[in-house]
Amino acid sequence: MSKFGLGLAAGAAAGFVLSLFKDQNGNRLGASIKRDFDSFMYDAESLAEGIQNAKKASYELTQSLPQAERAVSDISDDVSHYSERIAPDVTNIEKSAQKIETDLDNTTKKN
């Protein structure tokens, strides 16, 4: 563990020293690294916020799922009751349509 700490300290010191040098344009090497690091940190925070929002949305969906299931069940029951209620009317309409068709066939055969 002490070798790790020593390596970490040496790497940090070397990185600090390198950041003090300037490139061909006269800019410090550390400035571009800092921009990249800041950009990385912003992206990491944005990702963490997105994950948090996704978890919140998932929780809200889980909470509203029983209500949605109940609503679907109620709609299904309503459709079933409506179908049962109009079944006699549909049967009468079908009989009437067949009678009209039969009458029409008889009328065309007579002419």
Side-chain angles (χ1 to χ4, degrees):
M1 189 66 150
S2 65
K3 289 183 181 183
F4 176 76
L6 181 62
L8 184 63
F16 176 73
V17 170
L18 282 175
S19 73
L20 296 176
F21 290 113
K22 295 185 178 187
D23 65 4
Q24 301 161 341
N25 300 328
N27 298 326
R28 285 189 19 202
L29 294 175
S32 64
I33 294 172
K34 178 157 179 19
R35 277 193 308 272
D36 291 343
F37 181 75
D38 290 344
S39 175
F40 172 77
M41 290 303 294
Y42 175 79
D43 291 343
E45 289 172 1
S46 178
L47 178 62
E49 184 179 326
I51 290 171
Q52 188 65 28
N53 289 342
K55 285 181 181 179
K56 181 180 176 186
S58 174
Y59 174 76
E60 290 172 355
L61 179 61
T62 303
Q63 294 300 314
S64 65
L65 192 58
Q67 293 172 341
E69 288 175 344
R70 188 170 45 252
V72 169
S73 176
D74 290 346
I75 291 170
S76 176
D77 290 345
D78 290 345
V79 169
S80 177
H81 293 303
Y82 179 74
S83 296
E84 291 171 3
R85 195 178 85 225
I86 66 166
D89 295 333
V90 171
T91 303
N92 288 338
I93 291 171
E94 288 174 346
K95 286 180 183 176
S96 296
Q98 283 186 350
K99 184 177 183 310
I100 291 170
E101 186 178 336
T102 304
D103 291 345
L104 184 63
D105 286 344
N106 289 339
T107 304
T108 57
K109 287 180 184 177
K110 288 182 183 178
N111 293 331

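Just the heavy atoms: all of them, side chains too, but no hydrogens, waters or symmetry mates, feed the values below. If you're wondering where the values come from, they're calculated on a predicted model, not measured in any experiment.
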Just wondering, more than 12 heavy atoms not from [X] lying within 6.0 Å of its [atom1]?
X: Q63; atom1: CD; result: yes
X: E69; atom1: CD; result: yes
X: E49; atom1: CD; result: no

Determine yes or no for a side-chain-to-main-chain donor-acceptor pair under 3.5 angstrom, with S76 supplying the side chain and V72 the backbone. no
State whether the side chain of S46 and the backbone N or O of Y42 hold a donor-acceptor pair below 3.5 Å, judged by distance alone. no
Thinking salt bridges, do K99 and D103 make one under a 4.0 Å N-O criterion? yes
In Å and rounded to the nearest 0.5 Å, what is the [atom1] to [atom2] distance from [X] to [Y]?
X: M41; Y: S39; atom1: CE; atom2: OG; result: 11.0 Å
X: I51; Y: S58; atom1: CD1; atom2: OG; result: 13.0 Å
X: R70; Y: L65; atom1: CZ; atom2: CG; result: 11.0 Å

Hydrophobic cluster identity match, Y82 and V90, side-chain contacts under 4.5 Å: yes
Nearest atoms (heavy-atom pairs only) where P66 meets T62: CD-O, 3.4 Å
